[in-house]
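Reviewing the structure listed below.
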There are 2 protein chains.
Amino acid sequence: MDRRRLRGERTRQAILSHAARLASAEGLEAVSLQRLAGDLGISKSGLFAHFGSKEELQLATVEEAAWVFTLEVLKPGLSEPAGVGRVAGLCEAFLSYVERRVFPGGCFFEAAVAEFDSRPGPVRDSVVEKRRYWAASLARAIREAQTAGQIVPEVDADQLAWELNCLLIGANNSSVTDPGDVAFQRARRSIRDRLQAVAAKP
Amino acid sequence: MDRRRLRGERTRQAILSHAARLASAEGLEAVSLQRLAGDLGISKSGLFAHFGSKEELQLATVEEAAWVFTLEVLKPGLSEPAGVGRVAGLCEAFLSYVERRVFPGGCFFEAAVAEFDSRPGPVRDSVVEKRRYWAASLARAIREAQTAGQIVPEVDADQLAWELNCLLIGANNSSVTDPGDVAFQRARRSIRDRLQAVAAKP
DNA sequence: ATACAAATAGCACGACCGGTCGTTAAATGT
DNA sequence: ACATTTAACGACCGGTCGTGCTATTTGTAT
């Protein structure tokens, strides 16, 4: 029946979860089958049987990370009602996701895109697409806030989304380099100021 | 005498130059001795003899990249007289350095820090230190502009430097993902607007 | 021209890589 | 109870990695 593959599905999930967390810190390519299998206490061949190739494992890892990102960032961010609150909510959800170290190495996709940006192939395409979707979500929230009259219509939504995303990614990068939470303070302050500057007068 | 090592010094320079360009695109760890030697038409052991270990090769590569960065970004940026012009000059020099693909994979240090941020060791330390020096240079230029009365004294120089750096790095990241020069347009626009907003009235 | 040291090449090593194989043990269907 | 499918295993393959050790070439001073 449908419960037949339960056992295999569970180990597969465990593999992908661990692979995503590991890859965020050490890179997708650095996660070898041997290392992964050793960490999980299973054999390399047993692990490999779940995926036809290393590339398919990487693809599945990206999908797993996307699922986590949706759950941890997009869902809580979009739970805010449309408007500046939703824009701020998305930003704060991202910062919290980085700060709580949902992935030990910071944002999974920033690490992955840095690793694969100059390496064409399906893995790169998948990562880039996910990243674009995030940027588009941010831009859409800004446009919603404009039609709601909470952000002045003169601002270029895509430009503002790009700027906010730069600050978010900058916080992610700084947080893995600098100690303490100074990076998040800086990002929150910049984002607050930036949103206030474009807020429509009531 | 002192010219005896000329031959060796030249090949060493060729190795490091190629290694830095390669590493910016594919990562420091992905640059294998075999690949490097093959590209340069020399033997692996002949190449290896110039450095005692792979780590020393990586360290030397970082130093080489730092030298290039100084020449291509810091020097032209700091040639502007102190003030907002110097701040803008540093930003523009960085953008130009990325845009002209001095390193094929974009800014060498952004690629390197993303790869080594979660991998303690001398390579990481070196990269982080270089990056910090750049951020400090930017902050110093801002403070100079404040004492020159060209930027209002209320702004937090470190905060502004962090923001500008985020935009510069964002342009670097976007440029390897998105086609065309939209990333640089966005960055230049954001930086111009940001500097105008903090400019002291004449 | 010869001697000598620096620069490079040749070669082999152990470790690890992704990947394939046949086999075993457990779960499932009848 | 038995037959079949699935999950996991251990051994192994060819290849590449970084790294030593030794030979050979090459440039220069005498």
Side-chain angles (χ1 to χ4, degrees), chain A residues 1-20 22-23 25-62 64 112 115-116 119-124, chain B residues 1-20 22-23 25-62 64 112 115-116 119-124:
Chain A
M1 301 310 243
D2 45 330
R3 309 199 67 196
R4 231 187 296 178
R5 306 181 128 241
L6 194 144
R7 184 160 142 76
E9 207 50 51
R10 239 189 327 140
T11 59
R12 186 188 149 101
Q13 187 58 36
I15 292 168
L16 291 179
S17 175
H18 191 69
L22 219 54
E26 318 199 4
L28 267 170
E29 210 65 38
V31 178
S32 75
L33 304 181
Q34 217 149 241
R35 167 84 187 278
L36 205 46
D39 284 8
L40 295 168
I42 63 177
S43 73
K44 188 173 65 152
S45 50
L47 185 153
F48 187 74
H50 285 276
F51 320 89
S53 68
K54 168 116 189 194
E55 191 175 70
E56 280 195 37
L57 165 61
Q58 290 175 336
L59 251 6
T61 303
V62 172
E64 161 72 15
E115 186 177 359
F116 279 83
R119 196 183 311 188
V123 177
R124 183 203 127 109
Chain B
M1 302 314 262
D2 46 330
R3 308 200 69 198
R4 228 186 296 180
R5 304 182 127 241
L6 194 145
R7 185 164 143 75
E9 207 49 51
R10 243 195 317 146
T11 58
R12 188 189 147 99
Q13 187 57 38
I15 292 168
L16 291 179
S17 175
H18 191 69
L22 219 53
E26 318 198 3
L28 267 169
E29 209 65 37
V31 178
S32 74
L33 303 182
Q34 212 149 246
R35 167 82 186 280
L36 206 45
D39 285 7
L40 295 168
I42 64 177
S43 75
K44 190 171 63 151
S45 50
L47 184 154
F48 186 73
H50 286 275
F51 319 89
S53 68
K54 168 115 191 196
E55 191 174 71
E56 280 196 37
L57 165 61
Q58 290 175 337
L59 251 6
T61 303
V62 173
E64 161 71 16
E115 186 177 1
F116 279 83
R119 197 182 309 187
V123 178
R124 183 203 126 109

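Naming: A, B, ... by sequence-line order, numbering from 1 per chain.
Scanning both residues, A/Ala60 and A/Arg12, for their nearest heavy atoms gives CB-NH2, 3.9 Å.
With a 4.5 Å cut-off on side-chain heavy atoms, B/Gln58 and B/Val62 do not count as touching. Contact of the A/Leu57 side chain with the A/Val31 side chain is not registered, since no non-hydrogen atoms from C-beta on lie closer than 4.5 Å.
Contact check, A/Ser45 against C/dT20: no side-chain N or O comes under 4.0 Å of OP1 or OP2. Close to D/dG18, at under 4.0 Å from its OP1 or OP2, lies no side-chain N or O of B/Ser53. When the side-chain nitrogen and oxygen atoms of B/His50 are compared with OP1 and OP2 of C/dT8, one or more of them lie within a distance under 4.0 Å.
If you find the closest nucleotide of DNA chain C to B/Leu47 and to A/Lys44, the one lying nearer the 5' end belongs to B/Leu47. Heavy-atom nearest nucleotides on DNA chain C were determined for A/Gly52 and for A/Ala30, and the one closer to the 5' end corresponds to A/Ala30.
One can place CD1 of B/Ile42 at 7 Å from P of C/dT8, the figure rounded to the nearest angstrom. A/Arg35 places its CZ atom 12 Å from the P atom of C/dG18, with the value rounded to the nearest Å. Counting to the nearest Å, the C1' atom of D/dC9 and the CG atom of A/Leu40 are 15 Å from each other. Atom CG of B/Leu57 is separated from atom P of D/dG20 by 14 Å (rounded to the nearest Å). Between the NZ atom of A/Lys54 and the P atom of C/dT20 there is a distance of 14 Å, rounded to whole Å. For the pair A/Leu36 CG and C/dC16 C1', the interatomic distance rounds to 16 Å; values are reported in whole Å. Between B/Leu28 atom CG and D/dG18 atom P there is a gap of 12 Å when expressed in whole angstrom units. The CZ atom of B/Arg10 sits 12 Å away from the C1' atom of D/dG27 (whole-angstrom rounding).
With hydrogens and angles ignored, the 3.5 Å screen pairs a side-chain donor or acceptor of A/Glu115 with a backbone N or O of A/Leu28.
Of the candidates D/dG20, D/dG10, C/dG18, C/dG18 carries the atom nearest the A/Ser32 side chain, counting heavy atoms from C-beta on. Picking from D/dA8, C/dG19, D/dG20 the nucleotide with the shortest atom distance to the side chain of A/Thr11 gives D/dA8.
When heavy atoms are screened at a 4.0 angstrom cut-off, B/Ala49 is found touching base atoms of the nucleic acid. Within the nucleic acid shown, B/Leu33 comes within 4.0 Å of at least one base atom, counting heavy atoms only.
With rounding to the nearest 0.5 Å, the separation of OG in B/Ser32 from NZ in B/Lys44 is 8.0 Å.
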